[in-house]
Amino acid sequence: MTVDQADRIEREIAESRVGVWRRFREQPFTGRFLRNRTAVCALGYLVLLVLVAVFAPWIAPHDPDAQNLGDAFADPFSAGHLLGADNLGRDVLSRLIVADRVALSATALALGVALLVGVPPGLVAGYFGGWVDRVVMRISDAVQSLPPLIIAIALIGALGPGLRNSMLALGFIFAPNFIRIVRAAVLEVREETFVEASRSIGTPTLRIMVFRIIPNTLPPILVQISLVAGFSLIAEAGLSLLGLGVQPPSASWGSMLGDGYNFLFQQPWLVVFPGVAIALAVLALNIVGDGLRDAIGRGR
Amino acid sequence: MTRLVGKRLLAVVPVMLIVSLLSFALVALVPGDAAATLGGPSATVEQIAAIRANLGLDEPIVTRYLGWLGHAVTGDLGRSLFSDQPVLGAIGERLPVTLTLAVGALVVAVVLGLPAGLFAALNRGRWQDRTISAGAAGSLSVPNYFVGMVLIIVVSVSFGWLPATGYTAFAADPAEWFRHLVLPCIALGLVPAAVLARQLRGALVGVLAQDYMRTAEAKGLRGDQVLLKHALKNAAIAPITAVGTQFALVLGGSVVVEQVFGISGLGALVITAVQQRDIPLIQGIVIVAAVLVQVVNIAVDLSYGWLNPRVRVA
Amino acid sequence: MTASPTTHDAVSDATTVRPVLEVRGLFVEIDTGDQRAAVLSDVGFSIAPGETLGLVGESGSGKTMTAKAIMGLLPRLTARVTGGEIVLDGVDLLGLSTKQLREIRGDTVAMIFQEPMTSLNPAFTVGDQIAETVRRHRGVSKKAAWARTVEVLSDVGIAAAERRSRSYPHEFSGGMRQRVMIAMALCCEPALLIADEPTTALDVTVQAQVLDLIRHMREALGMAMLFVTHDLGVIADVSDRVVVMYAGQVVEQSGVLDLFRRPAHPYTEALLNSMPGVEAGPRGTLLSIPGQPPAAGDFPVGCRFHQRCGYAAEECTTAGIPLTVVGAQETRCLLHTDLPSRPPLVDLVPEDEIVPEVLLDAEPREPR
């Protein structure tokens, strides 16, 4: 490699390093997304959920675990309990607020695992191609061809129940989604870079590619994150409902559904509120995901 | 066409091999001494030894895998750690119920999603289209188990129209069988219905703008011939693929929905297995689920050959 | 075919026999999103049994819109007929329900389209697509429908029709697909065939064959034909009489020989001058028409052609121009009436110079 080429590469790296965030922000899709009013509202709701999760202990009107049998099965809007109380007289609103924290941290954990397990193989498969690519893709095909919830439950069977284990399992199952997206983005960038490199500087270095890939991959990854987050939220609640996720006395929206289900005849509201909470959060995630996808202007 | 089938069947082999590795690896994921952990704190030395023997934990891992795989291929998925019942037999008892639910859910998906998708495509851009799109987005966001609970509250508890829980075999009483199936199938079928409606709408909007649709109109065909024959066959690939993908999700979703409706199918079995940490049974369920999904995927792929004549030549 | 003396004067012929198709005062509007724009204004013409009427104009002139209106194939959500009559075989099509219209389409009137590559449904065999038309309108058995299918496919020159009827569209070339489309249109022996630019999308070598086929089939079945095209050379080849459209209006109606010899409207003259086959325009050069045709909703007041017309005078820009009879021709131009300041258009064009080569080797048409 000549000094010239090395120079050029260094310059390009320096340039792209500064530009990652700016390039992302200036992509036309950001503006298109912000013009979608429904999606922005949904994003606002998600931000609200995050704020509630962060400040949960200060926001909750009651101690979420405090039992008061006198208030058991209190109706919504009754004195002291805006959304009523459960079979042990615990305040439903306070439990929903604390469960928001559980739901978000569980989702974040699942997403983190999925990104950690998914992004590196995607990068490798896209960059090297050949048999590495084939092996990686075969494995993700196989994982994706399995019913997600059953695999999650099977993994929990081996690892033992608990929120952390079930989120690890979910993260593992959603990893292939990210493998695919990262691989596709790398392939695209690799084509461009190779074409350019063959004209000027020889083989592109991995470093250049990484700095080019990040802004290019971010939008589709964001779409995938919002959709996977919605699915993890539903799955987490389902697993907790089955008693495989959150363990008592912790509250999660799913375990609240499960508890409330036992008293479906006495107090139907006990399942309605956590159910609506899940549905609203997932709806917001889906709307944001659709908004991002429309803003990118491909896929679908 | 025969070559297409052959090629497709061959592609199953590596996928199933990886699935077998994954499910075999479940034992390795068990923390600590697998036999002791699986037996639980109250297990006797003999019980732990029995578990060890069942899982073949004393043999080298490769021998163990090959032996396990050899048995699995012949349909021997081992024995339950608890009941000592053959795994395949235990699954076989529960599978029909779950399959009935899954198929019922897909029927619901088609009954709701097909007309919704057609109607939205025919009125694209108008309020009918927007209403259906919003309805689909909503359905995709509500977890099936919550739908099930709401259905129980409204339909069973408030109105008493249909039974809330339980299952009756078809052979015992077809009418009761149907009455017990309606609510769980709706709960499970709402998401696939929404996916189907979206995909069908998207595909149809494209197809309706095609020149051959104008030709079909110019020939004076009846409205239903134009739509159901000429448009639907061309628009079918994306929605059929979607339904195929949804089958795996419905199969998984039935685990929770079965629990909500008190139905003892595969879902109830897998939950018991997990609570008892009955690894061979869990492995068996994973394998059976994977086989089912593969069968559906093959059927979907082969339908392409019928829908799109160009695929057949390839 | 009845024996009749060779004459270019089809206009008078059409008045003696009841026409197959009569379009009177047709108005069509489209919804462009922010406004409703008139795309057809007072379009009228008729076609006698066995006659071929050429419908000429640039894209956007409304010629395809007219064909679609006759077929009842206007875009359902955006286009609307706001006035007029389309009388086919004595029945006003505009008064029919969709259901009744579907009985007629493909049976009494059939259509061939411009895009043979995409006009056939890729998911069904060509035989199936023809047979379903036969069954729909003839109500015959599957077997009989299939026999008719094979018959009509070999009529349009498809070899081994029996075997080819079981092939899918992607197994045919463009020219062959257009033959299939012709077979499909003719399988129920319509009284009127509408051909919308049927050869435009084809290779030049195939164009002539397909044109020959259309002409041959029209003669064999003795049907009337509305031939829509922008190509005057093709018009000279197939039509008995020509309607020229511009900006949603009929601007000239002439027998085919008159049209080439004595264009009665400046727009027709300009079209003739821009024909590649005509080496010498009046001034010895190949002329193209300056400017763009106006878009629907944007038609100028007065004569819609005046902005691009070399003869335009003050009088042309104020009020709409009526269609007036000049001999055997009709034209929407003031040059023939009260424009004393300029010599009449017909005198501008010496007869020997305007006859295009393509017309010279065309056989004389026989209007029936």
Side-chain angles (χ1 to χ4, degrees), chain A residues 38 134-135 138-161 165 169 172-173 230-231 233-235 237-239 241-244 253-254 257-258 260-261 264-265 268-269 271-272 274-276 278-287 290 300, chain B residues 14-19 21-23 25-31 34 37 137-138 140-147 149-150 152-153 157-158 164 202 247-256 259-260 266-267 270-271 273-279 281-283 285-286 289-290 292-294 297:
Chain A
T38 322
R134 278 199 293 278
V135 169
R138 276 276 188 244
I139 294 177
S140 31
D141 278 348
V143 173
Q144 281 196 314
S145 76
L146 292 168
L149 211 54
I150 288 186
I151 304 309
I153 291 172
L155 284 170
I156 293 165
L159 296 168
N165 284 349
F172 172 70
I173 289 159
F231 205 93
L233 211 59
I234 290 184
L239 291 172
L241 186 151
L242 295 174
L244 302 175
W253 291 337
L257 265 183
Y261 174 72
L264 208 54
F265 299 87
W269 290 112
V271 303
V272 171
V276 169
I278 299 170
L280 280 182
V282 176
L283 183 63
L285 282 166
N286 286 348
I287 290 174
D290 285 350
R300 189 172 292 211
Chain B
V15 172
M16 284 314 293
L17 219 56
I18 292 166
V19 168
L21 267 171
L22 290 177
S23 57
L26 284 176
V27 182
L29 285 175
V30 178
T37 311
L140 287 174
S141 307
V142 186
N144 48 26
Y145 41 84
F146 181 52
V147 175
M149 290 180 189
V150 171
I152 290 178
I153 294 173
V157 180
S158 299
F247 177 78
L249 295 175
V250 166
L251 212 54
S254 72
V255 176
V256 195
Q259 222 44 19
V260 169
L266 210 55
V270 76
I271 288 166
V274 166
Q275 278 158 354
Q276 300 177 332
R277 309 193 77 175
D278 193 341
I279 293 280
L281 190 50
I282 297 175
Q283 287 174 325
I285 292 171
V286 170
L292 286 176
V293 172
Q294 286 301 316
N297 285 350

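Just so we're on the same page: letters track the sequence lines, and every chain starts at 1.
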Trainee: For B/Ser158 and B/Ile153, indicate whether the former's side chain and the latter's backbone hold a donor-acceptor pair under 3.5 Å.
Mentor: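 Such a contact is found between B/Ser158 side chain and B/Ile153 backbone.
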
Trainee: Can you tell me how far apart CD (B/Gln259) and CD1 (B/Ile271) are? Round to the nearest 0.5 Å.
Mentor: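 Here the interatomic distance stands at 3.5 Å.
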
Trainee: Between B/Leu17, B/Leu21, B/Ile18, which shows the greatest number of heavy-atom pairs under 4.5 Å with chain A?
Mentor: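 Maximum pair count with chain A is reached by B/Ile18.
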
Trainee: Can you tell which of B/Ala137, B/Ser254, B/Gly252 has the highest number of heavy-atom pairs within less than 4.5 Å of chain A?
Mentor: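 Most heavy-atom pairs within the cutoff with chain A belong to B/Gly252.
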
Trainee: Report which part of A/Leu285 has an atom under 4.5 Å of a heavy atom belonging to chain B: side chain, backbone, both, or neither.
Mentor: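 The answer is neither part of A/Leu285.
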
Trainee: Can you tell me which of A/Ala284, A/Ala235, A/Ala142, A/Gly275 forms the most heavy-atom pairs within a distance under 4.5 Å of chain B?
Mentor: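 Ranked by heavy-atom pairs under 4.5 Å with chain B, first place is A/Gly275.
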
Trainee: Between A/Gly230, A/Ala152, A/Gly238, which residue shows the highest count of heavy-atom pairs closer than 4.5 Å to chain B?
Mentor: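 Ranked by heavy-atom pairs under 4.5 Å with chain B, first place is A/Gly238.
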
Trainee: Taking every non-hydrogen pair under 4.5 Å, which of B/Ile285, B/Val260, B/Ile152 racks up the most with chain A?
Mentor: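 The candidate making the most pairs under 4.5 Å is B/Val260.
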
Trainee: Determine the option with the most heavy-atom pairs under 4.5 angstrom with chain A, choosing from B/Val250, B/Asn297, B/Leu29.
Mentor: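 Looking at each option in turn, the highest pair count goes to B/Leu29.
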
Trainee: Name the residue from A/Leu239, A/Ile234, A/Leu241, A/Ile153 that meets the side chain to side chain contact (heavy atoms under 4.5 Å, CB included) definition with B/Val256.
Mentor: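 Single side chain to side chain contact (heavy atoms under 4.5 Å, CB included) partner of B/Val256 among A/Leu239, A/Ile234, A/Leu241, A/Ile153: A/Leu241.
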
Trainee: Compare all side-chain heavy atoms of B/Phe146 with those of A/Ile278 and state whether any distance is below 4.5 angstrom.
Mentor: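 Result no, sub-4.5 Å side-chain heavy-atom pair not found.
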
Trainee: Among A/Ile151, A/Asp141, A/Leu233, A/Leu257, which residue has the highest count of heavy-atom pairs closer than 4.5 Å to chain B?
Mentor: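 It is A/Leu257.
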
Trainee: Partners of B/Asp278 by side chain to side chain donor-acceptor pair (under 3.5 Å), sequence neighbours excluded?
Mentor: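 Side chain to side chain donor-acceptor pair (under 3.5 Å) list for B/Asp278, sorted by chain: B/Ser80.
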
Trainee: At a 4.5 Å cut-off on heavy atoms, which part of A/Ala237 comes close to chain B: side chain, backbone, both, or neither?
Mentor: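 For A/Ala237, heavy atoms of backbone and side chain both lie under 4.5 Å from chain B.
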
Trainee: Flag the one option from B/Val255, B/Val150, B/Leu292, B/Val142 with the top tally of heavy-atom pairs under 4.5 Å to chain A.
Mentor: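 It is B/Val255.
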
Trainee: Which region of B/Leu26, side chain (C-beta onward) or backbone (N, CA, C, O), has a non-hydrogen atom less than 4.5 Å from a non-hydrogen atom of chain A, or is it both or neither?
Mentor: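 It is both, since atoms from each part get that close.
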
Trainee: Check whether A/Pro268 gets within reach of chain B through its side chain, its backbone, both or neither, counting any heavy atom under 4.5 Å.
Mentor: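 Contact with chain B: backbone and side chain both.
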
Trainee: Can you list everything that forms a ring pair (Phe, Tyr, Trp, His ring centres under 6.0 Å) with A/Tyr261? Sequence neighbours excluded, please.
Mentor: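 With neighbours one apart ignored, the set is empty.
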
Trainee: Sort B/Gln294 into side chain, backbone, both or neither according to what part of it lies under 4.5 angstrom from a heavy atom of chain A.
Mentor: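 Side chain only.
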
Trainee: Heavy-atom pairs under 4.5 Å with chain B are the metric here; pick the option from A/Gly157, A/Pro147, A/Ala158 that has the most.
Mentor: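 Going by pairs under 4.5 Å, I would pick A/Ala158.
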
Trainee: Hey, are the side chains of B/Leu249 and A/Phe231 touching, using non-hydrogen atoms and a 4.5 Å cut-off?
Mentor: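 When only atoms from C-beta onward are counted, A/Phe231 and B/Leu249 do touch, with a gap below 4.5 Å.
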
Trainee: Can you find a heavy atom in the side chain of A/Ile173 that is under 4.5 Å from one in the side chain of A/Gln144?
Mentor: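 Not in contact.
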
Trainee: As an exercise, state the distance from CG of B/Leu251 to CG of B/Leu266, rounded to the nearest 0.5 Å.
Mentor: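 Going from the CG atom of B/Leu251 to the CG atom of B/Leu266 covers 7.0 Å.
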
